Amino acid sequence: MKKILTIIAVSFAFLACSEDNDDNIIPAPSQVNVSFNFTHNWDNTLINSSNLTTEIVTNEHGEEMSMARIRYLVSRLELTHSNGQTYLFDGYKFTDLSDETTYNFTPENNTIPTGTYTLKFIWGFNETDNVDGAYADLNSASWNWPAMLGGGYHFLQFDGMYNVNTTAPAPFNYHNGTARVSTGVFEQNYAIIDLSTEIVISNNAVIEVKMNIAEFFKNPNTWDLNVLDTPLMPNYTAQKMMQENVSTVFSVGTVTQ
Amino acid sequence: MNGFLKYGVLVLFMATVFNCSDNKTDDGDYVSQPTPAPLNIPQIFSENILDPVIPIDNPQTIEGIALGKKLFFDPLLSGNQTQSCADCHSPQNAFTDNTRFSEGIDGIFGNRNSMPLFNLAWNYDEKFFWDGRVFSLEHQALEPVTNPIEMHNTWEVVVDRLTQHPEYPNMFSNAFGNGPITREKVTKAIAQFERTLISANSKFDRYLLGEAQLTPQELNGFNVFMDEERGDCFHCHGNPNNPLWTDNIFHNNGLDATFSDLGLGEVTGDPADNGKFKSPSLRNLAYSAPYMHDGRFNTLEEVINHYSEGLQNSPTIDPLMKKVDEGGVNLSDQDKADLKAFLLALSDPSFINNPDFQN
C-alpha cells in the first residue's frame, strides 16, 4: 500500500514539473530576449539614488552644482540588425533617478534573433506619441507639459542648485519638452538618439544604456546657468539648445549575456 | 485493491476539504458573505489617472463601509468616550477641522494641523500624515486611538467596549465573518469608509468635462497656476491631467529658514529631508482653512503672498521655489486675485454635503 502511494506521489511530482524539464539539451539559441538597464553618471562618477542629492559636481561652464531631482522619458527603443531588419519595442521608459526600480526596461515583446545590432530611440515622445493626457501612469506622475506650451509631456525634469560654493546658491529648472515659438505656435522638440556602437547579441542579454548628465551642459552648447536657470520651459532658445545638447548624453555600455 | 480505492477516495476527499476550507468560517458556522461595493470611480479620474489602491486583504464591502462609518463618528473609540475621528475630521470642513491645532481628549493640543480626508485611495505611495510616517490607511487608523494627545485610549479597551456593545458584534460578523472583534478589523472597516470619501465634482472638474464655464478671472488664475514664469504651482500640485491636485510627494516649499518641526527628516533621519512635508491637495480649500502643516495661514491670500514674496531660504528648499532672495516671483495683484479665484473653483460643495458621509 505504502509503495503504491509513494509511486503515485512521485509520479505526481514528476508530472507537475515535466513542463520545464527539457533544458539539458539546448542548442545555441537563435531567438533571445533582451532588456535594457539605464545607468547614469556625471563624467566618471556613477550617479544613483544614494548619491543623487549629495554629489556636488562642476559643469562645463564652471559652476558647482547639486542635483535635487532628475526624471526623464525615452520611447520607441529600436534595435537594427546588421542585415537591416529592425526590431521596434513597445512602450516608453520613464526614469526617476531617485527610484532605482525605474532604471530597467523590459519591453513586453522582447524576442529578437541573435546577431549584431545598433540601438536607436527617441528622447521624449515624437509627434505621434506626444498626445496630451494620453498616458495614465505619466499623468499620475504629474509628468504633463502645460497646454499653453504645446501640451503633451515633459521629456526631462532636472532640478537643482548652482553656485553652491558661493554665498548665493540659486535654483535651476532644466526642463525639456515641446518648444513654444510664440503664443499658440509650437515646435516639436524630441530628438532621435542613434547610437552607432555595435551590440553583439549571442544570448539573452541586458543592454546597458549610459546617460552622462554632464553632457546636458556641454555639447554643442556650453550651458551658462547664470543666464539660463529658470524659467526655461517657455524659453524657445533654451528648449532648442537642450534638444541639441541631448544628442551626446547617451551611449551604449556593457552588454551582459 | 479495494482498500486502496477506499484510501484514495479518503485522500481525495480530504484534499477537497482542505482546498475549500477558505470559504468556511473559523467555527464552521455558515455566515453570509459581505456584499462587494467597488469604489465608484469618477470619470475625471478613470479617464486620466491610475486606478486607486485597494489592498487585496481588505476589499470594499457594503457592510465594511457601514461599519467603518459608524466607527469613524463614534466617540467610543476615545479614552473618555468624548472624541470621535470626526471631531478633528469633520465633513463640513472636507474632513479636517477649522482650528490651527487640534485638542485631544485631555485638552492637550498637538503641533500639526489636522488633514482633510478625500481621494486617499489615490495616494499611490500610501504614505500618510504630513511627514509620510505611516504606510497604508489600515495602519494609519491605529495611531490616533492610542495617541496620548488625541483619543488617548488603548486597543484592549476599544475592543472590549465594541464586544460588549449591543450593535457592533453583529456588524463585525456581517462585515468580516465570525470570530472575535480585533483592532485589525476596526481599522480595516475605517479604511474602507475613508476610501469612499471621493471628491471629484468641483466647478473645475465640470469645466474639464465640458459641463461648466469658467469666469475670465478663474481662467487667468488657472494660467497663473500653470505658468512657469508666474505661479508654477503645477509641478507639485497637479494639473488638468492629474486632477488629484497633488503629487503626494514631500517638499520644502520655503516656509521657514530654520525648522522647529523636521517633517520628513524626522522620519528618514536624513538632514536633506528636513523641513519637507507632503504637498496637500488643492481641492476643497474653501472648507479646509487654516493651511500648511502647522496651520499658520488663515486665508488663501496669506498662502499666495507666501509663494509670491514670503519665501524663506534654507538648505533643503525645493529648487522649484524661484527668486527666493526676492521672496518669490512677486505676482501682480490681479494675478493673485485670479489665482485665488481659480483655487476656489477646485472646491466641491457636493462633497461636503454628500449624505453618505454625514453622521
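The sequence lines fix the lettering, A, B, ..., with proteins before strands; numbering per chain opens at 1. Note that the coordinates shown come from a computational prediction; the quantities given were computed from them, not determined experimentally.
Looking at B:N223, both its backbone and its side chain come within 4.5 Å of chain A, counting heavy atoms on both sides. Within the 4.5 angstrom heavy-atom criterion, atoms from both the backbone and the side chain of B:N48 approach chain A. Interface residue A:M233: backbone and side-chain heavy atoms are both found under 4.5 Å from chain B.
By the side-chain contact (heavy atoms from CB on, under 4.5 Å) test, B:P240 is found to be paired with B:F204, B:L208, B:F222, B:M226, B:W245, residues two or more places apart in sequence or in another chain being considered. Remark: A:V185 pairs with A:V181, A:S182 by the side-chain contact (heavy atoms from CB on, under 4.5 Å) rule, at least two apart or across chains.
Within the cation-pi definition used here (under 6.0 Å to the ring centroid, within 45° of the axis), A:K93 qualifies as a partner of A:F38.
Comparing A:T54, A:D229, A:N139 by how many heavy-atom pairs each has under 4.5 Å with chain B, the most go to A:N139. The residue among B:N242, B:D325, B:N313 with the most heavy atom pairs within less than 4.5 Å of chain A is B:N242. Chain B forms more heavy-atom pairs under 4.5 Å with one residue of A:T53, A:L149, A:D137 than with any other, namely A:D137.
Under the 30°/60° scheme for interplanar angles, the aromatic rings of A:H154 and B:F234 are found to be tilted.
B:F118 and B:R283 get closest at one heavy-atom pair: CZ-O, 3.4 Å.
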